[in-house]
2 protein chains.
Amino acid sequence: MPDVTRRADRLPGNRYGNRPTMKDVAARAGVGLKTVSRVVNGEPGVTPETERRVQEAIDALGFRRNDSARVLRKGRTASIGLVLEDLADPFYGPLSRAVEEVARAHGALLINGSSAEDPEREQELVLALCARRVDGLVVIPAGDDHRYLEPELKAGVATVFVDRPAGQIDADVVVSDNFGGARDGVAHLIAHGHRRIGFIGDMPRIHTAAERLRGYRAAMEDAGIPVEDAWMSLGVTDPERVRRAAEEMLADPHPVTAIFTGNNRVTVTVIRVLAGHTRGVALVGFDDIELADLLQPGVTVVAQDAAALGRTAAERLFRQLDGTLLAPDRIELPTRLVTRGSGELPPSD
Amino acid sequence: MPDVTRRADRLPGNRYGNRPTMKDVAARAGVGLKTVSRVVNGEPGVTPETERRVQEAIDALGFRRNDSARVLRKGRTASIGLVLEDLADPFYGPLSRAVEEVARAHGALLINGSSAEDPEREQELVLALCARRVDGLVVIPAGDDHRYLEPELKAGVATVFVDRPAGQIDADVVVSDNFGGARDGVAHLIAHGHRRIGFIGDMPRIHTAAERLRGYRAAMEDAGIPVEDAWMSLGVTDPERVRRAAEEMLADPHPVTAIFTGNNRVTVTVIRVLAGHTRGVALVGFDDIELADLLQPGVTVVAQDAAALGRTAAERLFRQLDGTLLAPDRIELPTRLVTRGSGELPPSD
DNA sequence: TAGAGCCTGGACAACGTTGTCAGATGCGGG
DNA sequence: CCCGCATCTGACAACGTTGTCCAGGCTCTA
């Protein structure tokens, strides 16, 4: 019963539930408004005795500075926005955490949202963040046209695109070497004797997917292997369709002996499919996955450093805000081939 | 070179890089300030012709409403804070995403931060969020004393604790049935003939860890098995120490035949240890892990529904804000035993 | 003891928006 | 033709904070 009462006290109706303001603190401490402000912000020019009185009033009233008003006055929000595809995807966890750490080191908070790979939702999120006047944005773009950001950039919102480049505008970009990584991964399979190699990846409208596909084609071409259409499955995303695509490749009268998978989710599904087959099919996946080393065989992957992507992007963001970074640039981080067994299986025809 | 110029335009010095305000829009459209406000907010009482002129000016200037000022005026920020332990932990990804989805459905943005299991950092984060006047807080507590939140609760900040209960204050709590889940998991091992069962878990000061330990003890007691100290390892967290703890249990002259692990990270490490042993040791872990079904043997786990935790918590939060939820309550979500093989191995003495 | 200089404290405006209220305009009816 | 009413528009204050600037009191020195 006392609970109900207490909760009822805080119902809507009064702004912020009637929090005390600096004015209230000043009145209680018997000092001027600005003096309270000075104490709260640790500015000099307040005698210890006055400071004590003010501090006492603050504690007694449970005063907490209203940063909304502060932001309005100062023009900096000390917060940055992060727009990514899906917070729940294990690839974005470390990236997100890395951005957060850098933000924290600069005294900024992180606001984030998932675009769910929907360009409209991405725009909606980005603009909402701009309306809050975040100091900067780290964006993993879903769409490929970011001209809607022009006014924001001009207005001084620091912006860095990660994982995929910006579309139609000139902005900082931090990406992995998707092309090179995929090429190396496929070349690795070729080096182990494979010639009929399947590729299962996301829609080529997604930049990373297109680059990885390009890497696949380049490796095949370098080896003088003509690619057959039946070996490629593009744009499949959901597990069921990935499963079907893989099964079809393997059921072909002249089946693939190896598969290169375009991202972590596809890799996981294909692992499941292969687990149901007795014939050994080689596999190299883009993106590392947890426990990949404990499977039989271990899963060979092209790993990218998600944390480094996030860290690099966030650091560039704050350098933009410092003013120590002038020209937009494109940074490409290397990938790393991790051999664990699945990519070293010989062809079994 | 043009880039440098463009970026230089947006250097600090002028607030928000001199964004246009409603006043500017009003001047350009030749209307009053309030009329612009009406158009921006879709309020009625504006002739189509006037609206067109205003809209034109908005587009021409690239105006975007300043939500900081709006918040200051209206008293609601339409944002909620989420404080968790580590964004990069795969357990929190789905939880975080679920909270975000609910927030989105209510038109709110999500600000989040990682406490890194440090009570001080948790408090710092929570208070920073309160200073921003978030409408509500979802907290996965690191500390066990939350009296510092008293003034905030009184001021009307909706608050829900998830995964672990609040300390020293009366607040909404959403948790998994850690005790029951652990008891069932251990009972499962006992049912398969094990009597010497090890437990490796986190520090008992963490509520979930303590509850799971209690579940372990209860199951053993129910079966009339006295627990030996050598079977329990508490407070180990980092992989190296977990590894040592597991090795010691297995090296004992009278070793354990099964291990119950207290969370996903411990489970993963122990899987690695067991992979190096030939003797079959049974394993049941708390928390599900990806690919657990593909290992040999598959890993039996007590799974909790992280997304449901987040969703439930966020929904309660918004019901607090609605005013449809009056008394703080404690909600316990069930866990689910997923048998995959490792927990069904017979004792091998 | 008077004057200069320093230190502390406070009054006031401004940040960009929204709520209130009153003024202006246009229209129809008496 | 004038009044009343409805509709549209704009002036103004307020939200809670910080930056500017000035007043008053003190100390120190000549």
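If you're wondering where the values come from, they're calculated on a predicted model, not measured in any experiment.
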Query - Sidechain N-carboxylate O distance under 4.0 Å for A:Glu56, A:Arg52 - result: yes

Kindly say if [X] contacts the phosphate of [N], meaning a side-chain N or O under 4.0 Å from OP1 or OP2.
X: B:Lys34; N: D:dC8; value: no
X: B:Ser68; N: C:dG16; value: no
X: B:Thr50; N: D:dT9; value: yes
X: B:Asn66; N: C:dC15; value: no
X: A:Ser37; N: D:dT17; value: no
X: B:Thr35; N: D:dC8; value: no
X: B:Arg65; N: C:dT18; value: yes

What is the distance, to the nearest angstrom, from the [atom1] atom on [X] to the [atom2] atom on [N]?
X: B:Arg133; N: D:dC15; atom1: CZ; atom2: C1'; result: 12 Å
X: B:Arg73; N: D:dC12; atom1: CZ; atom2: P; result: 16 Å
X: B:Leu72; N: C:dT18; atom1: CG; atom2: C1'; result: 10 Å
X: A:Arg76; N: C:dG16; atom1: CZ; atom2: P; result: 14 Å
X: A:Arg64; N: D:dT17; atom1: CZ; atom2: P; result: 13 Å
X: B:Arg19; N: C:dC15; atom1: CZ; atom2: C1'; result: 15 Å
X: B:Glu43; N: C:dT20; atom1: CD; atom2: P; result: 11 Å
X: A:Arg38; N: C:dG9; atom1: CZ; atom2: P; result: 8 Å

Requested in this report: With the side chain of A:Arg70 defined as its heavy atoms from C-beta on, choose the nearest nucleotide among C:dG16, D:dT18, C:dT18.
Outcome: D:dT18

Report task. For the side chain of A:Ala69, starting at C-beta, report the closest nucleotide among C:dT8, D:dG19, D:dT17. Result -> D:dT17

Is the closest side-chain donor-acceptor distance between [X] and [Y] under 3.5 Å?
X: B:His146; Y: B:Glu122; result: yes
X: A:Arg65; Y: A:Asn41; result: yes
X: B:Glu152; Y: B:Thr159; result: no

Query raised in the report: How is A:Val40 classified with respect to the nucleic acid when contacts are heavy atoms under 4.0 Å: base, sugar-phosphate, or nothing?
Result: nothing

Query raised in the report: How would you label the contact of A:Asp67 with the nucleic acid (heavy atoms, under 4.0 Å): base, sugar-phosphate, or nothing?
Result: nothing

Query raised in the report: Could one point to a donor on the side chain of A:Lys23 or the base of D:dG16 with an acceptor on the other under 3.5 Å away?
Result: no

Report task. Sort out for me which residue in B:Leu317, B:Val160, B:Val126 forms a side chain to side chain contact (heavy atoms under 4.5 Å, CB included) with B:Leu137. Result -> B:Val126

